[in-house]
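Proteins get letters first, then strands, A, B, ... in listed order; numbering begins at 1 in each. What you are looking at is a predicted structure, and each value in this text was computed from that prediction instead of being measured.
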2 protein chains.
Amino acid sequence: MKTRAADLPKLLESVEDQFVELWNNMGTLWGISPTMARIHGLLYISGSALSMDDIMARLAISRGNVSMNLSKLVEWGLVRRVHKKADRKEYYESLADVWEMFTLVANQRKRREIDPILTTLRRCRDELTPEAIGGQAMKEPARTRFQRVDDLLKLLTLLDSLSQRFFESHKGLREAVEMLTSED
Amino acid sequence: MKTRAADLPKLLESVEDQFVELWNNMGTLWGISPTMARIHGLLYISGSALSMDDIMARLAISRGNVSMNLSKLVEWGLVRRVHKKADRKEYYESLADVWEMFTLVANQRKRREIDPILTTLRRCRDELTPEAIGGQAMKEPARTRFQRVDDLLKLLTLLDSLSQRFFESHKGLREAVEMLTSED
DNA sequence: ATATACTTTCAATTGTTCCTGAAAGGAATA
DNA sequence: TATTCCTTTCAGGAACAATTGAAAGTATAT
């Protein structure tokens, strides 16, 4: 059942709304605040540069809120400012490349959040080695603690190397595709 | 500088505290509530079955809170109840296998959160195809919208297949290790 | 220099999520 | 059955996060 031409704007609006909502959920998953995600969703799906007023009107949120969240998006590198000649307003535009967006966020979160965790974990392990506590290290209860920390550290270190390779360029994605298509 | 035997309990306690705090941060990253993460951290690092009272005392949180969060942990499958004979109390014990814990959480979150997103995304795409809106599909502004949704869907579908393979068994991990060690 | 057009900041408000403690619920023992 | 010991539930409160709107800030045009 085809949509008549007159209904197209309504349909597009509805699809955009669905997408913005979806992107909001996606954002929650990545630890991104709802409004930030919605704004980015709107910029991404619309594919054009929008002004603060456009966004305020479309998403029904206040000027201050839009301003703050746009700055954060620019900081993350997901959105960039665009100046139009003969217009004092600033416009904002999303990155278009999805993979680039993913790696951008993944790399920053890894650096800010995962790396410190790994550092702490290593310190925990080092405090439980024979070098640190002598013969006690081999006996309970220290032995179990050490074992658990070490197990975790091994896995996280591995995942870390993997993600490093996977996220650092388009190459990682290509390798993954090959792995997926070769066997199976 | 080795620790004297008398200081060992203090040291262990400190390491455990650091670990619990670390696991709390890790949990935030996975969208798991702080207390739930801390309880699980304690159970994991201690490597033994603890009672509600043990946990309340060690983490200084209320009985109700411990109870609720333990149920959720059991629900997730990260913790299991243990009955000790001649004791009415219930004890709780964490899974020991780190990889198993990861896959458990990853699979459940995928099912609950990612799959619905993919469904919505497909619906968005389908509403923008030529089948749905005719010739308009090839012209702006519908064309861009379709393109963007389709790009995203392609990548997410790929990541989905990848993670499926990666997380469904120990095999995924082994493959990844091979990939990492073979070339580079 | 002043006015205009637009953006940023931030204190106050609102909204959300988390935690507590006490009461109700269950299950084992006497 | 009554008692004891332990767990769960949940309404209210505390802590935290997000949002607004108006004042201050900045830049361009006149």
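At a threshold of 4.0 angstrom between heavy atoms, the contacts of A:Ser71 with the nucleic acid are absent.
Considering CD of B:Glu127 and CZ of B:Arg145, their distance stands at 14.0 Å, rounded to 0.5 Å.
Ring geometry for A:Trp99 versus A:His170: interplanar angle of 30 to 60°, hence tilted. Relative ring orientation between B:Phe102 and B:Trp30 is described as perpendicular, the plane-to-plane angle rising above 60° on a 0-90° scale split at 30° and 60°.
Atom-to-atom, CZ of B:Arg63 to P of D:dT8 comes out at 10 Å; the value is rounded to the nearest Å. Protein atom CD1 of B:Ile55 is 10 Å distant from nucleotide atom P of D:dT7, rounded to whole Å. Atom-to-atom, NE2 of A:His83 to C1' of D:dT28 comes out at 13 Å; the value is rounded to the nearest Å. Counting to the nearest Å, the C1' atom of D:dA15 and the CD1 atom of B:Ile61 are 16 Å from each other. Per the geometry, CE belonging to A:Met52 stands 12 Å off C1' belonging to D:dG21, to the nearest Å. Residue B:Arg81 contributes atom CZ, which lies 10 Å from atom C1' of D:dT8 at whole-angstrom precision. Between A:Met56 atom CE and D:dT20 atom C1' the separation is 11 Å, expressed in whole Å. For the pair A:Ile32 CD1 and D:dA17 P, the interatomic distance rounds to 17 Å; values are reported in whole Å.
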Test log, rule side-chain hydrogen bond (donor to acceptor under 3.5 Å, both in side chains), inputs A:Asp126 and A:Thr129: CA-CA 5 Å; A:Asp126 294 344; A:Thr129 54; 5.6 Å; no
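Side-chain atoms of A:Asn25 and A:Thr28 include no donor-acceptor pair closer than 3.5 Å.
In summary, contact between chain B and DNA chain C, defined as any nucleotide atom under 4.0 Å from a heavy atom of the protein, begins and ends at C:dC18 to C:dT29 in the 5' to 3' direction.
The only member of B:Arg58, B:Arg63, B:Arg88 that meets salt bridge (Lys or Arg N to Asp or Glu O under 4.0 Å) when paired with B:Asp53 is B:Arg63. The side-chain hydrogen bond (donor to acceptor under 3.5 Å, both in side chains) test with A:Lys154 singles out one residue from A:Asp150, A:Thr157, A:Asp151, and that residue is A:Asp150.
Across D:dT7, D:dT20, D:dA18, the shortest atom-to-atom separation from the side chain of A:Met68 is found for D:dT20.
Annotation: cation-pi pair B:Arg148/A:Tyr44 present, NZ/CZ under 6.0 Å from the ring centroid and within 45° of its normal.
Along DNA chain C, the nucleotide closest to B:Val66 and the one closest to B:Ala86 are compared, and the more 5′ of them pairs with B:Val66.
Across its full length, the helix from C:dA1-D:dT30 to C:dA30-D:dT1 shows an angle of 10° between the axes of its 5 terminal pairs at either end, rounded to 10 degrees.
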